[in-house]
Amino acid sequence: VVFLVFYLIITGYKSTLNSNFEIYKNDLIDKQKSLVKTNIQIATQIFENQVLLTENKEKADKSFLNLIKNINNKASDYYFIFNTKGDVIVHSFLSHLEGQNLYIVDNENYNNVVKIITQNSSADRFVTYKWLNPSTNLIEEKISFVRQLPNSDLVIGSGFYLEDINKLVENQRDIELKEHDKNINVTLSLAIFFTILSVFINGFELAKASEPKYVGKPSTKVISFMKV
């Protein structure tokens with residue numbers, strides 16, 4: 001019975017743990033979405049300020065692009081900028097793509113991605129596609145927030161990779177499971193000890209109860225009668 005109870009506890013806990021980590025994963029995704037959207041809002045404000053401060057639009061655009069190019073070029077949420085024709089204007093991670101038109105390069109994935117990013121460019125939106133992850137050097141699923149910069153043909157984006165989220169979740173899950181297993185082992189050891197102790201005590205009580213009771217002989221009393 002004790003082991004059955006523990007089995008139910010363990011399986012119930014792991015089921016709850018999986019459910020909790022799915023919630024945790026979704027929460028991380030929402031936070032990353034908020035972060036990359038904020039990145040784009042900041043970049044948009046910088047772009048608008050550059051235009052206001054510089055009379056020469058070409059000079060303002062160049063200044064902005066140089067600034068964006070040098071921001072977080074080592075992070076997974078780096079900026080990228082395409083124009084609506086599909087040319088790569090800035091890519092902080094894959095700089096060798098700059099100047100190339102992804103509509104016509106001989107790479108099916110690039111062809112698909114540029115369509116996703118540049119079509120409906122006037123609408124701010126999250127898009128999902130596969131791209132090279134600088135952390136793993138593998139093609140992985142990526143979620144980006146993209147927006148067309150005001151009064152221009154430039155589309156700017158920033159995103160994150162789902163595999164990075166999955167790794168965070170799995171690391172936290174491993175920590176939780178190790179702690180859980182440690183607590184289970186201690187509790188199970190105590191349960192086994194008290195089960196054995198209970199069996200021993202019950203056996204002792206049964207043995208004691210089954211012992212024959214000793215019935216002694218009636219005592220013979222000698223009564224002396226004294227004559228008066």
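Because the structure is predicted, anything quoted here is derived from the model rather than measured. FYI, side chains are in, hydrogens and waters are out, and symmetry mates aren't considered; it's all heavy atoms of this structure.
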Pair Ile46, Leu67 - check side chain to side chain contact (heavy atoms under 4.5 Å, CB included), show working.
CA-CA 9 Å; Ile46 293 172; Leu67 176 63; 3.6 Å; yes
Answer yes or no: does atom NZ of Lys167 have more than 12 heavy-atom neighbours from other residues, nucleotides or ligands under 6.0 Å?
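Enclosed.
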Asn151 atom CG: more than 12 heavy-atom contacts under 6.0 Å:
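Not more than 12 within 6.0 Å, no.
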Rounded distance [0.5 Å steps], [atom1] in [X] versus [atom2] in [Y]:
X: Glu22; Y: Asp27; atom1: CD; atom2: CG; result: 12.0 Å
X: Ile89; Y: Leu97; atom1: CD1; atom2: CG; result: 12.0 Å
X: Lys37; Y: Ile42; atom1: NZ; atom2: CD1; result: 13.0 Å
X: Glu163; Y: Ile139; atom1: CD; atom2: CD1; result: 13.5 Å

Side-chain heavy-atom pair [X], [Y] within 4.5 angstrom cut-off:
X: Phe160; Y: Ile165; answer: yes
X: Ile81; Y: Val155; answer: no
X: Glu140; Y: Leu162; answer: no
X: Val114; Y: Tyr110; answer: no
X: Lys33; Y: Ile143; answer: yes
X: Gln45; Y: Asn49; answer: yes
X: Tyr129; Y: Asn112; answer: no
X: Phe64; Y: Ile156; answer: yes

Using modelled atom types only, decide if a donor and an acceptor are shared between the side chain of [X] and the backbone of [Y] within a distance under 3.5 Å.
X: Asn133; Y: Asn137; answer: no
X: Arg125; Y: Ser144; answer: no
X: Asp87; Y: Asn83; answer: no
X: Asn111; Y: Asn107; answer: yes
X: Ser95; Y: Ser92; answer: no

State, to 0.1 Å, how close Ile68 and Ala43 come at their nearest heavy-atom pair, and which atoms those are.
CD1-CB, 4.1 Å
Considering all heavy atoms of both residues, which atom of Ile40 and which atom of Gly157 are nearest to each other, and what is their separation?
CD1-C, 3.5 Å
Holding to side chain to side chain donor-acceptor pair (under 3.5 Å), I want the full list of residues that pass it with Asn166, two or more places apart in sequence or in another chain.
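Side chain to side chain donor-acceptor pair (under 3.5 Å) list for Asn166, sorted by chain: Lys25.
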Contacts of type side chain to side chain donor-acceptor pair (under 3.5 Å), residue Asp124, not counting sequence neighbours:
Arg147
Determine, stepwise, if the pair Gln148 / Ser121 fulfils side-chain hydrogen bond (donor to acceptor under 3.5 Å, both in side chains).
CA-CA 6 Å; Gln148 185 169 351; Ser121 58; 2.9 Å; yes
Joint cluster assignment, Leu132 & Val127, ILVMFWY side-chain distance < 4.5 Å
yes
Please say yes or no: joined through hydrophobic side-chain contacts below 4.5 Å, possibly via intermediate residues, are Leu35 and Tyr79 part of one cluster?
no
Assess the pair Trp131 and Phe80: is the distance between their ring centroids shorter than 6.0 Å?
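No, the ring centres sit 6.0 Å or more apart.
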Before we go on, tell me: are the rings of His91 and Tyr78 under 6.0 Å apart, centre to centre?
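Yes; Tyr78 has its ring centre under 6.0 Å from that of His91.
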Applying side chain to side chain contact (heavy atoms under 4.5 Å, CB included) to Ser152 and Asp61, what does each step give before you reach the verdict?
CA-CA 10 Å; Ser152 79; Asp61 287 351; 5.8 Å; no
Where do Tyr161 and Thr136 land on the side chain to side chain contact (heavy atoms under 4.5 Å, CB included) test, with the steps shown first?
CA-CA 10 Å; Tyr161 295 86; Thr136 63; over 6 Å; no
Across all chains, not counting sequence neighbours, the ring-ring contact (aromatic ring centres under 6.0 Å, His included) partners of Tyr103 are none
Test Thr44 against Glu48 for side-chain hydrogen bond (donor to acceptor under 3.5 Å, both in side chains), laying out the working first.
CA-CA 6 Å; Thr44 303; Glu48 291 176 332; over 6 Å; no
